[in-house]
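Down below is the structure, laid out as structure tokens.
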Amino acid sequence: MMTYQPKSEFLRTMIARGFMQDCTDLEALDEALLEGIVPGYIGFDCTADSLHVGHLTQIMMLRWLQKTGHKPITLMGGGTTKIGDPSGKDEARQLLTTEQINANMAGIRDVFEKFLTFGDGAQDAVQPDNAEWLDQLNYVAFLRDYGRHFTINRMLSFDSVKLRLDREQPLTFLEFNYMLLQAYDFMELNKRYGCALQLGGSDQWGNIVNGIDLTRRINRNQVFGLTTPLLTKADGTKMGKSASGAIWLNADRLSPYAFWQFWRNTLDADVGKFLKLFTELPLDECERLAALQGADINEAKIQLANAVTTLAHGANAAAAAEQTSREVFEKGGIGDDLPTITLPAGQTSIVQLFVKAGLSASGKEAKRLIAEGGAKIDDVVVSDPGQMIDLADTLKLSAGKKRHVLVRAG
RNA sequence: GGGGGGGUGGCAGAGCGGUCAAAUGCAACGGACUGUAACUCCGUCGGGGAAACCCUACACAGGUUCGAAUCCUGUCCCCCCCA
């Protein structure tokens with residue numbers, strides 16, 4: 001039960017928009033936020049060269065932090081990625097090379113540039129890499145200075161550890177150390193940047209609390225933690241995955257059109273929640289849109305798609321995606337934003353066309369699609385799998401009602 | 001170190017000499033319905049081929065059989081119990 005009503009804009013926003021799950025000390029954090037600039041951080045693994053929709057809650061929190069007058073720190077886990085966080089994972093992850101990690105870090109930076117303002121100012125975002133301090137740790141010195149502050153009894157009580165032990169899945173000592181290093185990160189960020197807040201998903205609670213304790217003991221500073229609820233869709237499935245994989249925030253990995261479509265296809269019941277979390281539309285507008293009934297709620301989904309795509313890819317990309325979507329879905333036409341492939345002009349079998357366009361994983365699958373009546377070329381149902389087609393101009397291939405690809409003769 | 005159980009399709013999980021490209025569930029894909037929904041229903045769901053049909057698959061390598069996911073031998077990996 002939340003009895004305390006925060007006064008700071010940041011916390012009020014977090015609560016009102018549904019970001020808040022738990023806070024270590026709401027009242028004291030609120031005071032700190034009212035007093036001055038609070039640097040707050042979230043750590044990100046460097047396991048891929050982009051971030052995806054699953055990270056978007058965290059990204060938006062940092063954006064709000066900056067918008068409400070504070071300093072976001074996007075900590076790159078260049079050091080900890082070499083270890084792997086056991087939280088919520090069933091198995092140890094495979095280790096990445098330093099080169100891969102560095103490349104990934106650059107890609108992630110590109111994503112953050114869209115959401116945050118980086119620089120040297122007091123409220124500008126910074127992006128340190130924990131390899132800066134973790135790589136040079138001396139094992140014995142670390143154990144002596146910091147290891148003494150962690151008891152095995154306590155560490156064993158964390159859900160992330162318990163889960164693995166209960167399932168009798170191996171938890172290596174390497175992974176077991178992850179939480180020490182994350183705690184060390186918080187302490188180090190407190191030293192370097194005066195960082196006083198760690199944000200994260202609710203699965204990070206244990207790690208965050210460890211960092212708070214360590215910072216208090218070593219630095220003698222009070223710092224805070226705030227977690228977000230685990231995000232699930234109304235149908236119970238995990239947020240951020242689609243048929244074709246993760247919904248990346250990077251245009252190289254997922255086109256703005258596909259990104260827009262992802263949001264356009266939000267479940268009715270999720271529209272309000274997503275508007276609040278992933279857009280900056282005023283709350284009353286979010287509520288008005290979410291309350292639309294029947295087919296009218298499609299308008300809300302378009303607004304959602306436009307707003308989120310604008311944040312991630314810019315207003316032009318969002319407008320183009322919307323335009324193409326209207327052409328394709330409302331008029332049955334084509335749009336520039338549709339995924340496009342170029343193939344040599346001439347005779348091609350339809351089956352091969354669908355495979356090359358990425359609409360079918362194999363020829364077998366393409367034939368199946370045709371047999372089921374789901375394959376269309378320029379909106380005409382294909383009936384003969386053996387048919388050859390003369391590729392001379394541009395064709396629109398459709399697999400079902402939603403997946404369309406343009407094929408150009410080149 | 002000793003004893004026992006197991007590794008099957010994206011996942012879960014049957015099969016235990018032929019009728020098995022392998023039950024069932026989930027996921028996925030297509031269709032109907034609709035709002036580019038949800039729910040429900042129907043269909044499909046290893047690869048190649050227009051098709052007949054062929055190929056590759058049940059941890060890996062051999063072997064026994066007319067015939068093996070199913071039996072034998074060896075290798076690797078996982079789990080349980082005892083010490």
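Below, chains carry the letters A, B, ... as their sequence lines are ordered, and counting in each starts from 1.
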For the side chain of [X] and the base of [N], is some donor closer than 3.5 Å to an acceptor across the two?
X: A:Glu372; N: B:G43; answer: yes
X: A:Glu330; N: B:U36; answer: no
X: A:Arg264; N: B:U36; answer: yes
X: A:Asp296; N: B:G35; answer: no

*Looking only at atom types and distance, does a side-chain atom of A:Gln204 sit under 3.5 Å from a main-chain N or O of A:Gly201, one as donor and one as acceptor?*
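Not confirmed, A:Gln204 side chain does not pair with A:Gly201 backbone.
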_Between A:Gln66 (side chain only) and A:Gln123 (backbone N and O only), is there a donor and an acceptor less than 3.5 Å apart?_
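It does hold such a pair.
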Between [X] and [N], does any side-chain N or O lie under 4.0 Å from OP1 or OP2?
X: A:Lys402; N: B:A37; answer: yes
X: A:Ser362; N: B:G46; answer: no
X: A:Arg403; N: B:G30; answer: yes

I'd like the [atom1] distance from [M] over to [N], given in whole Å.
N: B:C66; M: B:G74; atom1: C1'; answer: 26 Å
N: B:A22; M: B:G10; atom1: P; answer: 15 Å
N: B:A57; M: B:G62; atom1: P; answer: 11 Å
N: B:A50; M: B:A38; atom1: C1'; answer: 40 Å

_Rounding to an integer number of Å, can you tell me how far A:Leu267 CG sits from B:U34 P?_
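The answer, rounded to whole Å, is 20 Å.
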_Who pairs with B:C71 - Watson-Crick or G-U, where each distance is under 3.5 Å_ =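 Pairing partner, where one exists within any strand: B:G63.
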*Considering heavy-atom distances to RNA chain B, does A:Lys364 or A:Lys301 have its closest nucleotide positioned more toward the 5' end?*
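Taking each residue's closest nucleotide, the earlier one in sequence belongs to A:Lys301.
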